[in-house]
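Values below: all heavy atoms of this structure, side chains included; hydrogens, waters and symmetry mates excluded. In each ligand, atom 1 is the first atom listed, and ligand 1 is the first ligand listed.
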Amino acid sequence: MSKIDRKFVDAFGQSPDIVAAAPGRVNLIGEHIDYSDGFVLPFAIADRTYAAIRKRPDRLVRIASAQRRNKIVSIQLDDIKPGLKGEWERYPLGVIWAMGVKQGLDVMIDGHVPLGAGLSSSAALECSVATALNDLFSFGYDLQSLARLTQKAENDYVGVPCGIMDQSVSLMAHSGSALLLDCRDLTSRYVSFDVASSGLELLIIDTQAHHSLTDGGYAQRRQSCESAIKKLGVQSMRELSFEKLNTSKDLLTDIEFIRARHAVSEIARVHSAVSALEAKNFVELGSLLNASHGSLRDDYDVSCPELNCAVDASISAGALGARMVGGGFGGSAIALIKASATIDTIHHVENTFKKLSFKAPRFFTSLPSQGAEIMQRG
Ligand code: GLA
């Protein structure tokens, strides 16, 4: 466990009342459909962010981060309002705002989820703070409510129009399983995800290409989906069949049509992936990953040269399947590979990146891990 206690004492001179941790995530399949009432199949990675918090007797909020040399940001509780300028501290402040905290706090953050890699470091940060505050103030929120509150913090306070997947899995994940999440009502089911016993490995490739959901591309995709469902008179992409989409093509712009085609096909792929996992049919799972990537690259247009290179190079090194994960425009890809081929795959991806003069990628593997937890009280 991270030495967050000591860091807290160094910054604030006292011990924390509570320490919570929440993980980043990888999404196995079900990309860009959480905000369309779809189904997703993410799992939590082992890397997590820690939040240590102590109540203060006044209304001052002080926040420090071990990754920012403990620089302390101070703000009065009453001044915490959406639209405030700032950096990373807007995420914990957004959670404090969304949860309606009425008392001052000292907060220390120690984040170990790679930043900007499409592995949801922001959800890990929000969920670690929310889990700690929920316990510290005995708010009694269930995990679904915490997911909605942390999403609200990111949407309305930070101003990032993300869906509900990242926060949900960071809060609800179980080790050894992927989370089949219904993004409409946040009901879920755990699907055992054990590739190791079949001699496989899920390689995570951080392309180190820039990733940001605030550049407008993400919001535009959401808008195309919203305008498509309005024109087609359905509640969400989930109520849309291929048949209806194809017969109503003339009602949509070309862009709306292909964005909707991604959403409808991706929802179907999630259900097929669950069946493939349950049957331990990893060849089928691999081809679903490939199809998902093709759809994100061609119909949804959220991939980028580095992500396509990571996927193509993994497949030419023998991967069963590979795809970009997360919001796209950079960030990470995953590749389902034979465990015995890990080193060769890494070398092949590295060499291909070098030939194309891309920044050197980083590689991780992670077993499906536990969601947010209280690590220590008092
Ligand atoms: C980001 C968002 C999620 C989801 C993914 C794409 O990670 O935060 O809500 O929309 O992109 O699947």
Close side-chain approach of Val73 and Arg62, heavy atoms under 4.5 Å: no

Heavy-atom side-chain proximity of Leu202 to Thr365 below 4.5 angstrom: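 When only atoms from C-beta onward are counted, Thr365 and Leu202 do not touch, as no gap falls below 4.5 Å.
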
Which segment of Gln167 sits under 4.0 Å of ligand 1 when only heavy atoms are counted: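 It is neither; nothing of Gln167 touches ligand 1.
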
Pair Lys55 + Asp17, salt bridge at N-O below 4.0 Å: no

Lys338/Glu201 ion pair, N-O < 4.0 Å: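 So Lys338 does not pair with Glu201 through a salt bridge.
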
For ligand 1, which atoms sit closer than 4.0 Å to a heavy atom of [X]?
X: Met165; answer: 4 (C), 5 (C), 12 (O)
X: Tyr35; answer: 10 (O)
X: Asp166; answer: 1 (C), 2 (C), 3 (C), 7 (O), 8 (O)
X: Asp34; answer: 3 (C), 4 (C), 9 (O), 10 (O)
X: Arg25; answer: 7 (O)

N or O pair under 3.5 Å between [X] and ligand 1:
X: Gly327; result: yes
X: Gly163; result: yes
X: Glu31; result: yes

Heavy-atom gap Arg222 to ligand 1 smaller than 4.0 Å: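 Checking ligand 1 against Arg222, which is what was asked, there is no heavy-atom contact under 4.0 Å.
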
Donor-acceptor contact below 3.5 Å, side chain Thr131 vs main chain Ser128: no

Exercise: identify the closest heavy-atom pair between Pro361 and Gln208: CA-CG, 4.3 Å

For Arg269, the option from Ser292, Ser295, Ser287 that meets side-chain hydrogen bond (donor to acceptor under 3.5 Å, both in side chains): Ser295

For atom 10 (O) of ligand 1, the option (of Phe329, Tyr218, Tyr300) bearing the nearest heavy atom: Tyr218

Approximate separation, where rounding is to 0.5 Å, of Glu226 CD and Met237 CE: 9.0 Å

